[in-house]
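Only one structure is covered here, and it is reproduced in the block below.
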Amino acid sequence: MLDKVFIVEDDATIVKLLHDRLQEEFKVAATENYRAVTSEIQEYQPDLILMDITLPYFNGFYWTTEVRKTSQVPIIFISSATDEMNAVMAMNMGADDFISKPFSVEVLIAKINALLRRTKLQTDHILYEKFKLDLTGIFSDGQNEVTLTRTETVILKILLEQAGSVVDKQVIVKKLWESDDYIDANTLNVNMSRLRKKLAPLHFDAIHTIQGVGYVVK
């Protein structure tokens, strides 16, 4: 499942440049109504926001303050302003990083990926479609929930974080050993069967076995 990036920028050339390159690695959208930026963000539910400072009607500082009232989504400021004061203001308003125009898109992508990695390490839950995995071991569909063991939680976390990609069995076993759950491939099969049974009442049937390789959520 691709991370979602939302661009708040009024320069059409820059928006196109960013959209064309970023969509190779992310799901990308850009603001269309500069009077309703927070509404568009709430509807899109991005994993990260790219925020320009100079915008029509209200500047990026204002919109960041509004976003921070309800969300801790990572925000990277983009601006032609290179003075230190704007960078400091951006951080004080709740930004997570800052990059000045002109900039390298590849450097920006590196910043995006680094920030997304840090954010995922800090998160206490993972969302997949209508489902939510709380890393304390609760999996829910918004109405009903089931309680998972520590091992089941780690397995599901690994698969959800790489949704859409096949995860090798040995990768899962190695991660479990790192978290002090000492299991082998055979024990993994048992845990996977138990996990699927627990998730069945919530109609979560997205875990598929790739014979001889591993598992994929899709």
Side-chain angles (χ1 to χ4, degrees), residues 1-132 142 160-165 218:
M1 186 165 54
L2 296 178
D3 288 310
K4 296 160 70 174
V5 174
F6 190 78
I7 303 169
V8 185
E9 163 68 65
D10 63 329
D11 186 320
T13 302
I14 293 177
V15 172
K16 185 177 189 307
L17 170 70
L18 290 173
H19 188 279
D20 289 352
R21 176 62 184 88
L22 293 180
Q23 69 176 353
E24 296 175 18
E25 300 184 39
F26 311 100
K27 187 175 180 181
V28 186
T31 192
E32 297 179 355
N33 184 349
Y34 294 97
R35 293 181 186 271
V37 172
T38 48
S39 297
E40 291 185 338
I41 288 171
Q42 287 169 0
E43 181 178 350
Y44 188 64
Q45 290 291 303
D47 297 292
L48 182 140
I49 297 169
L50 298 178
M51 179 77 73
D52 190 20
I53 291 179
T54 305
L55 296 164
Y57 308 115
F58 301 99
N59 64 25
F61 297 133
Y62 169 82
W63 289 120
T64 296
T65 302
E66 290 299 296
V67 169
R68 283 291 175 255
K69 289 178 181 178
T70 59
S71 172
Q72 291 303 309
V73 61
I75 298 175
I76 297 178
F77 263 78
I78 300 177
S79 175
S80 55
T82 55
D83 61 293
E84 192 174 276
M85 186 55 67
N86 271 329
V88 171
M89 276 190 66
M91 296 302 185
N92 287 340
M93 292 287 181
D96 297 276
D97 207 341
F98 186 98
I99 191 166
S100 297
K101 302 174 187 174
F103 57 85
S104 160
V105 177
E106 300 309 315
V107 170
L108 175 59
I109 289 174
K111 283 178 173 282
I112 291 172
N113 282 321
L115 192 47
L116 287 172
R117 280 196 301 272
R118 291 204 302 272
T119 304
K120 286 175 181 176
L121 287 174
Q122 295 166 357
T123 189
D124 60 356
H125 67 270
I126 300 173
L127 301 177
Y128 179 80
E129 297 179 350
K130 67 175 182 178
F131 301 97
K132 176 181 177 180
L160 291 177
E161 285 178 339
Q162 300 188 53
S165 301
K218 62 178 183 179

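We use all heavy atoms of the structure for the numbers below, so side chains are in, but hydrogens, waters and symmetry mates are not.
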Q: Please assess F58 against T38 for the test side-chain contact (heavy atoms from CB on, under 4.5 Å), listing each intermediate value before the final yes or no.
A: CA-CA 11 Å; F58 301 99; T38 48; over 6 Å; no
Reported [atom1]-to-[atom2] distance for the pair [X] and [Y], which is rounded to 0.5 angstrom:
X	Y	atom1	atom2	value
N113	D3	CG	CG	8.0 Å
K218	Y128	NZ	OH	10.0 Å
L22	L108	CG	CG	6.0 Å
T54	F61	OG1	CZ	8.5 Å
L18	E9	CG	CD	7.0 Å
Y62	T64	OH	OG1	11.5 Å

Q. Within the distance-only criterion (no hydrogens, no angle test), does the side chain of D96 pair as donor or acceptor with the backbone N or O of I75 below 3.5 angstrom?
A.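 Judged by distance alone, yes, a pair lies under 3.5 Å.
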Show the nearest heavy-atom pair for residues [X] and [Y], with the distance to one decimal.
X	Y	answer
I49	V73	CD1-CG1, 3.6 Å
E25	L2	O-CD2, 3.5 Å
D11	T13	OD1-N, 2.9 Å
I7	H19	CD1-N, 4.2 Å
I53	N59	O-CB, 3.1 Å
W63	M51	CB-CE, 3.8 Å

Throw together a table of side-chain donor-acceptor distances under 3.5 angstrom for residues 39-46, partners on residues two or more places apart or in other chains.
residue	atom	partner	partner atom	Å
E40	OE1	T31	OG1	2.4
E40	OE1	E32	N	3.0
E40	OE2	E32	N	3.1
E40	OE2	N33	N	2.9
Y44	OH	K27	O	3.2
Q45	NE2	Q42	O	2.8

Q. Do the non-hydrogen side-chain atoms of V67 and V37 ever get within less than 4.5 Å of each other?
A.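 Answer no - side chains too far apart.
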Q.
Could you tell me if the side chain of F26 sits less than 4.5 Å from the side chain of D47, heavy atoms only?
A. no
(Q) If you count every heavy atom of other residues, nucleotides or ligands that lies below 6.0 Å from Y57 atom OH, does the total exceed 12? (A) no
